[in-house]
Chemist: 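Have a look at this one before I ask anything.
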There are 4 protein chains.
Amino acid sequence: MRSQDASEAVLAATAALLEEAGYHGVTIEGVAKRAEVAKSTVYRWWKSKPALVMDAYRHSVEQRMPTPDTGTLAGDLTLFTTELYRIAEHPLRVRALRGLMAEAQLDPAFAEEFRGWVESRRTVVKEILARAADRGELAPGTDPDFAADQVFGPFWYRLLVGHADLGPALARDHVAQLVEGLRGRGTG
Amino acid sequence: MRSQDASEAVLAATAALLEEAGYHGVTIEGVAKRAEVAKSTVYRWWKSKPALVMDAYRHSVEQRMPTPDTGTLAGDLTLFTTELYRIAEHPLRVRALRGLMAEAQLDPAFAEEFRGWVESRRTVVKEILARAADRGELAPGTDPDFAADQVFGPFWYRLLVGHADLGPALARDHVAQLVEGLRGRGTG
Amino acid sequence: MRSQDASEAVLAATAALLEEAGYHGVTIEGVAKRAEVAKSTVYRWWKSKPALVMDAYRHSVEQRMPTPDTGTLAGDLTLFTTELYRIAEHPLRVRALRGLMAEAQLDPAFAEEFRGWVESRRTVVKEILARAADRGELAPGTDPDFAADQVFGPFWYRLLVGHADLGPALARDHVAQLVEGLRGRGTG
Amino acid sequence: MRSQDASEAVLAATAALLEEAGYHGVTIEGVAKRAEVAKSTVYRWWKSKPALVMDAYRHSVEQRMPTPDTGTLAGDLTLFTTELYRIAEHPLRVRALRGLMAEAQLDPAFAEEFRGWVESRRTVVKEILARAADRGELAPGTDPDFAADQVFGPFWYRLLVGHADLGPALARDHVAQLVEGLRGRGTG
DNA sequence: CGCTAACCGAGACGGTACGTCAAGTCTTAAC
DNA sequence: GTTAAGACTTGACGTACCGTCTCGGTTAGCG
């Protein structure tokens, strides 16, 4: 049975270090010291640093946003992307995501796990798209996977490269372009 | 004066290790041993592992593709994105790019440098867009920076997450959606 | 808690390397490899090479000779110096002492520590001298510190320069001269 | 032909570094940089750091003191030891000697050379003793080598250990004890 | 008076060892 | 029987100098 005290202290320490020192500044050793917990305790419950950070990230999000269903593609995407871009307002989440993506590049085992989590987020978008397809809002033959890439790609790209500001203000334009692009060449 | 022998041996060793063992498998020590060169020689010319990998990547590309100029946005983007997606056909480049992006997340100093390189690639796209804007192919008020994100974002996202195949075959659809999205709601 | 296995292996390896390769031939890296121990383990318990060698030296001596107390200055000094010169019969100790003295010249931090150890040895002589003074065997006003230098100085000098043989055979003459010199111009 | 400029600059730089940073702070690389001279130039004329420091030491002494000859052992020794202890008044010489003695412990090749230099200094004392023996001032059977150790030993010991002040003020007592000790047992 | 040999600076090179860091595994003892 | 404490191996880091070496660019003095 995982001791709630220890586990919470570890997650809190992880979150604190993430905020203060960035992903690189988070070390299992540092977390253990900060949480006043033995290193072995951390390893008992989390198998690696990225797994720990992933958990800390999930705790920072808490409530799962329900899949939006407004009846139109634009409406659904607006809700979804606005929420997505809102991540940028939370340094902890930004740092966590950037670090996790980095880790996924370096550690194939974690990449697998990370991909699973990413897929769960993509599924939400693919459901939105499926409903839109049913309504005839999508050009026939649209690949939902590549469409999802169009939703997440620019967000992640900007998040990772950091060349420009990121925030919910971008959602409107993003959705406009998405809808236009996905509807296809209207007049043929 | 940098000795050509040493420098080439180092870059070759870096490339070889990248291919064989991935970005994580590249270590300065390993490169030095492989290249039969002293560690200090590597450090003399490259200030860090990412700088070294970046150089090895550049050497693997060599010829700079000229900015395409076909007279239409679709034409230019098709050329550009096809070339971009072709990266996926070279494991060395894929690994290099993934590792460099990872490193940029972990090391702020390198992030800066990496951003510089990214910007140089973005500039090519922004020039294409500027010409398209002059021709009236873009909706007025289009933000070229965000538009560039739409070009690179999906590519990088798929490259980094690895959830689906990547290759020049995607270029056609990508361009179609971009052109549609960027032209805007033509008839209102 | 220091693991006895590791610690003993390290000291044994240090002693072995001292014998085989001299003080210069002792490196932390070499000791670690020889002791089949991680370098960090050596560093955990000894803060530097001289500290390690000092410890190895102490282990090689083990039993502390009791302060001699024969009732006469000549008797005490004979016992003490004989023991002192006997060091020359143990190559390991000779190398250790020469190396430690060398290190004390090069590293001020270690010099401090070394001085402490030297002082502990000097104290033995100063106690002998104090008792002799009580018995009236010393010229009044004799400086015990400088007198101790007269005991240790020639020994160390010959040990370090290596210009002539060193061994317990020298003790008799040394003591004769010391006693004569320290008694002073008694009868004028 | 050795360029006088370069050679002097090197010796001056060595002396300066010796004073400022101690023997350990002298590195061939540092000397070369300081003297604005190529490293290879230093190596051309001095085969090692101790050789260089030895040279710098010799330059700091300049005139060779003539062997004292006052007609009495006490007189000769007083002149000699006073001069000897005066070394302590020159930080450069102190640091040089300490460093050279250290080096002699670590580098057998240099030890040889160093021993030669030491012997030249010992010879002066042995000449003084030979004359004293002729005059009957020494107990018969006195070993001039061990007697010389008695002259130099305490000086070097204090110089190297640094446990107490060193200076010409010590010469008087030292000589008194030497003369007494060397003359032998009053009644004999 | 011009040639050539030496000496010069600059600095790259292969090495060795340093001391540090964090990772992840393992053992011990207490609660 | 879970924990805390913390020692352990491993592997790479980046640094400092070492002593050797090649490279052109002066300078001197010999012929």
Side-chain angles (χ1 to χ4, degrees), chain A residues 1-3 5-7 9-10 24-33 35-50 52 107, chain B residues 1-7 9-10 24-33 35-49 107, chain C residues 1-7 9-10 24-33 35-49, chain D residues 1-7 9-10 24-33 35-49 107:
Chain A
M1 178 55 55
R2 181 195 309 219
S3 139
D5 282 4
S7 150
V10 168
H24 180 78
V26 176
T27 65
I28 300 278
E29 223 141 52
V31 166
K33 175 168 287 181
E36 293 183 313
V37 139
K39 209 163 44 142
S40 49
T41 300
V42 180
Y43 276 107
R44 194 182 329 282
W45 301 115
W46 293 275
K47 74 165 186 284
S48 65
K49 164 174 161 179
L52 172 57
D107 174 355
Chain B
M1 182 57 53
R2 182 192 311 220
S3 134
Q4 191 156 328
D5 282 4
S7 150
V10 167
H24 180 78
V26 176
T27 65
I28 300 277
E29 224 144 55
V31 166
K33 177 167 289 182
E36 292 185 311
V37 138
K39 206 166 38 146
S40 49
T41 296
V42 180
Y43 278 108
R44 201 185 329 279
W45 301 115
W46 295 275
K47 73 165 187 285
S48 65
K49 164 176 160 179
D107 174 354
Chain C
M1 178 59 52
R2 184 195 308 222
S3 136
Q4 192 157 325
D5 282 4
S7 150
V10 168
H24 181 76
V26 176
T27 64
I28 300 276
E29 223 142 55
V31 166
K33 176 167 290 182
E36 292 184 312
V37 138
K39 206 166 40 146
S40 50
T41 297
V42 180
Y43 277 108
R44 198 189 327 282
W45 301 116
W46 294 274
K47 74 166 185 284
S48 65
K49 164 175 161 179
Chain D
M1 180 56 53
R2 181 195 309 220
S3 138
Q4 192 155 329
D5 282 4
S7 150
V10 167
H24 180 77
V26 176
T27 64
I28 299 279
E29 222 142 54
V31 165
K33 176 169 287 182
E36 292 183 312
V37 137
K39 210 163 43 142
S40 49
T41 299
V42 180
Y43 277 106
R44 197 185 331 276
W45 302 115
W46 293 275
K47 75 167 186 283
S48 66
K49 166 174 161 179
D107 174 354

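Both backbone and side-chain heavy atoms feed into the values below; hydrogens, waters and symmetry mates do not. Below, read A as the first sequence line, B as the second, and so on, with proteins coming before strands; counting in each chain starts at 1. Nothing here was measured: the structure is a model prediction, and the numbers come from that model.
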Chemist: How is A:Ser40 classified with respect to the nucleic acid when contacts are heavy atoms under 4.0 Å: base, sugar-phosphate, or nothing?
Modeler: base
Chemist: Measure the distance from NZ on A:Lys49 to C1' on E:dA23 and round it to the nearest whole Å.
Modeler: 10 Å
Chemist: Just by modelled atom types, is the B:Val26 backbone N or O under 3.5 Å from a matching donor or acceptor in the B:Lys49 side chain?
Modeler: yes
Chemist: Reckon D:Arg44 has a side-chain N or O less than 4.0 Å from the OP1 or OP2 of E:dC8?
Modeler: yes
Chemist: Compare side-chain N and O positions of C:Trp45 against OP1 and OP2 of F:dC8 and report whether any pair is under 4.0 Å apart.
Modeler: yes
Chemist: Whole-Å distance between E:dA23 P and A:Lys47 NZ?
Modeler: 16 Å
Chemist: Of C:Gly30 and D:Ala38, whose closest DNA chain E nucleotide lies nearer the 5' terminus?
Modeler: D:Ala38
Chemist: Search all heavy atoms of A:Ala38 against all heavy atoms of A:Ala32 and return the closest pair with its distance.
Modeler: C-CB, 4.1 Å
Chemist: Can you tell me the distance, in whole Å, between the OH atom of D:Tyr43 and the C1' atom of E:dG11?
Modeler: 14 Å
Chemist: Can you figure out which of F:dA4, E:dC8, F:dC8 approaches the side chain of D:Ala6 most closely?
Modeler: E:dC8
Chemist: What contact category does C:Glu36 fall into here, base, sugar-phosphate, or nothing, at under 4.0 angstrom with non-hydrogen atoms?
Modeler: sugar-phosphate
Chemist: Reckon B:Ser3 has a side-chain N or O less than 4.0 Å from the OP1 or OP2 of E:dA12?
Modeler: no
Chemist: In the structure I gave you, are the side-chain heavy atoms of B:Ser3 and B:Trp45 within less than 4.5 Å of one another anywhere?
Modeler: no
Chemist: Go nucleotide by nucleotide along DNA chain F from the 5' end; which of C:Gln4 and B:Ser48 gets its closest nucleotide reached first?
Modeler: C:Gln4
Chemist: Hey, could you give me the NZ/CD1 distance between B:Lys33 and B:Ile28, rounded to the nearest 0.5 Å?
Modeler: 14.5 Å
Chemist: E:dG24 C1' sits how many Å from A:Leu52 CG, rounded?
Modeler: 14 Å
Chemist: For B:Ala32, answer base if it contacts any base atom (sugar-phosphate contacts may also be present), sugar-phosphate if it contacts only those atoms, and nothing otherwise; contact means non-hydrogen atoms under 4.0 Å.
Modeler: nothing
Chemist: From CH2 of C:Trp46 over to C1' of F:dA7, roughly how many Å is that when rounded to an integer?
Modeler: 13 Å
Chemist: Is the phosphate of F:dC17, meaning OP1 or OP2, less than 4.0 Å from a side-chain N or O of D:Thr27?
Modeler: no
Chemist: What is the distance, rounded to the nearest whole Å, between atom CD of B:Glu29 and atom P of F:dG14?
Modeler: 10 Å
Chemist: What is the distance, to the nearest angstrom, from the NZ atom on A:Lys33 to the C1' atom on E:dA23?
Modeler: 15 Å
Chemist: Can you see which heavy atom on D:Ala9 is nearest to which on D:Ala35, and at what distance?
Modeler: O-CB, 3.5 Å
Chemist: Separation of A:Ile28 atom CD1 from E:dA22 atom P, in whole Å?
Modeler: 12 Å
Chemist: Does the base of F:dG14 carry an N or O that pairs as donor and acceptor with the side chain of B:Lys39 under 3.5 Å?
Modeler: yes
Chemist: Which residue, D:Thr41 or A:Val26, contacts DNA chain E at a nucleotide closer to its 5' end, judged by nearest heavy atom?
Modeler: D:Thr41
